[in-house]
A.B. asks: 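Dumping the structure here so I can ask a few things about it.
Order of listing sets the numbers, starting from 1, for every ligand and every atom in it. Since the model is a prediction, treat every value here as computed from it, not as a measurement.
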Amino acid sequence: MKSWKDNLRTIEPYIPGEQPDLPDMVKLNTNENPYPPSPRVIQAIKEFDAGSLRLYPDPSSKVLADAIAKTYNINNNQVFTGVGSDDVLAIAFMTFFNSNKPILFPDITYSFYDVWARLFGIPYIRPALDGSFHINAKDYYRENGGVVISNPNAPTGVCQSIDFLRDIIEHNRDVVVIIDEAYIDFSGKSALFLTKEYDNVLIIQTCSKSRSLAGMRIGYAMGNLELIKAMDDVRFSFNSYPMTRLSVAAGAAAMQDTAYFTETTDKIIKTREWTKKELKRLGFTFADSETNFIFATHQSVNATIIFNKLKEKHIFVRHFNAPRIDNYLRISIGTQEEMKYFISELEKIITDQ
Ligand SMILES: *Cc1c(COP(=O)(O)O)cnc(C)c1O
């Protein structure tokens with residue numbers, strides 16, 4: 001037995017959705033935006049000075065932090081940027097969850113949270129969502145080392161109200177409460193304003209979904225400057241140049257194009273509402289979604305069967321082999337044309353069973 005094997009850090013990793021590359025595929029499995037990034041992003045990349053890449057980027061990513069601050073009407077020292085919100089969340093876990101009390105997040109939520117908790121040795125408890133996939137607030141009144149809530153939640157699509165979040169925060173003034181708003185632009189109910197009232201609330205958002213930049217890897221946290229400073233200190237003890245010059249330029253351009261952002265987000269919401277009606281007609285049920293995906297189960301046909309039949313037709317959706325949700329499919333919202341094609345193929349599969 002080689003002795004180095006005794007000292008390995010072993011961990012069961014997060015499993016991302018597959019990234020097939022077929023010319024005719026309809027890809028509805030990783031909640032990407034079906035529309036390209038803003039024309040201003042494309043222009044910024046075309047005009048980008050590649051020669052500047054010999055230089056390290058600005059460690060504070062000021063141009064991007066300024067663009068985010070301006071968008072949300074906050075100061076740039078209230079913004080922390082990272083390589084996707086996955087990076088931002090990981091740094092937040094490392095920075096804020098250092099007590100020996102367990103952190104709390106639901107049993108059904110973003111499946112990266114428990115991976116980070118295990119990686120960093122943070123104890124955690126996952127109170128069960130109720131039968132309609134809502135959080136029971138009382139589960140979060142107990143003593144804990146921190147709270148993480150994805151709102152709207154993934155993969156359920158359920159959005160809890162601001163009053164609900166306020167109640168959870170009121171019961172947790174001594175720990176950091178992270179609200180992961182990866183999908184908030186499809187619901188319009190951001191809790192960002194609560195960061196002005198509560199110094200222990202951190203809001204995390206991403207350019208991956210509503211701003212069509214999943215491939216560029218840009219995420220950000222917003223909160224009071226002490227929270228942000230603490231995260232910066234951890235960040236600069238780990239990697240001092242996380243954001244590339246190109247991602248800063250592209251991200252800033254994306255934040256500045258509000259008109260395009262509104263137009264594409266509205267289109268996705270409209271298609272989502274159309275898809276809900278069609279899924280109901282075909283016998284699916286689901287909690288009401290306020291995201292760019294629908295988490296649905298069929299009254300008689302098994303999810304795995306549907307998943308495999310769709311895959312044969314090069315239509316990719318997401319299936320989680322986990323307790324309570326293994327008969328559900330998470331269907332990302334594509335363009336209206338993609339969803340029409342998806343529904344027509346789905347209808348054939350359902351009627352064949
Ligand atoms: C997609 C997603 C993220 C991470 O997205 P990034 O691409 O890393 O910004 C974080 N949280 C939730 C709930 C998500 O669904």
A.B. asks: Within 45° of the axis and under 6.0 Å from the centre of the six-membered ring of Phe293, does NZ or CZ of Arg330 qualify?
C.D. replies: yes
A.B. asks: May I have the list of side-chain donor-acceptor pairs in residues 223-230 shorter than 3.5 Å, sequence neighbours left out?
C.D. replies:
unit_1: Asn224; atom_1: OD1; unit_2: Glu226; atom_2: N; d: 2.7
unit_1: Asn224; atom_1: OD1; unit_2: Leu227; atom_2: N; d: 3.4
unit_1: Asn224; atom_1: ND2; unit_2: Asp199; atom_2: O; d: 2.5
unit_1: Lys229; atom_1: NZ; unit_2: Asp233; atom_2: OD1; d: 3.2
unit_1: Lys229; atom_1: NZ; unit_2: Asp233; atom_2: OD2; d: 2.9

A.B. asks: How many angstroms lie between OH in Tyr35 and CZ in Phe261, if you round to the nearest 0.5 Å?
C.D. replies: 14.5 Å
A.B. asks: Under a 3.5 Å threshold, I'd like every N/O contact between ligand 1 and protein atoms, with atom names and distance.
C.D. replies:
unit_1: ligand 1; atom_1: 5 (O); unit_2: Ser85; atom_2: OG; d: 3.3
unit_1: ligand 1; atom_1: 7 (O); unit_2: Ser208; atom_2: OG; d: 2.6
unit_1: ligand 1; atom_1: 7 (O); unit_2: Arg217; atom_2: NH1; d: 2.7
unit_1: ligand 1; atom_1: 7 (O); unit_2: Arg217; atom_2: NH2; d: 3.4
unit_1: ligand 1; atom_1: 8 (O); unit_2: Ser85; atom_2: N; d: 3.2
unit_1: ligand 1; atom_1: 8 (O); unit_2: Asp86; atom_2: N; d: 3.0
unit_1: ligand 1; atom_1: 8 (O); unit_2: Asp86; atom_2: OD2; d: 3.2
unit_1: ligand 1; atom_1: 8 (O); unit_2: Arg217; atom_2: NH2; d: 2.8
unit_1: ligand 1; atom_1: 9 (O); unit_2: Ser85; atom_2: N; d: 2.6
unit_1: ligand 1; atom_1: 9 (O); unit_2: Ser85; atom_2: OG; d: 2.8
unit_1: ligand 1; atom_1: 9 (O); unit_2: Thr206; atom_2: OG1; d: 2.6
unit_1: ligand 1; atom_1: 9 (O); unit_2: Ser208; atom_2: OG; d: 3.3
unit_1: ligand 1; atom_1: 11 (N); unit_2: Asp180; atom_2: OD1; d: 3.4
unit_1: ligand 1; atom_1: 11 (N); unit_2: Asp180; atom_2: OD2; d: 2.6
unit_1: ligand 1; atom_1: 15 (O); unit_2: Tyr183; atom_2: OH; d: 2.5
unit_1: ligand 1; atom_1: 15 (O); unit_2: Lys209; atom_2: NZ; d: 3.1

A.B. asks: Assess, by modelled atom type and distance only, whether the side chains of Tyr72 and Gln205 contain a donor and an acceptor separated by less than 3.5 Å.
C.D. replies: yes
A.B. asks: Distance alone, cut at 3.5 Å: any donor-acceptor contact between the side chains of Gln19 and Glu32?
C.D. replies: yes
A.B. asks: Using distance alone, with no hydrogens and no angle criterion, decide if Thr206 and Lys209 have a side-chain donor and acceptor under 3.5 Å apart.
C.D. replies: no
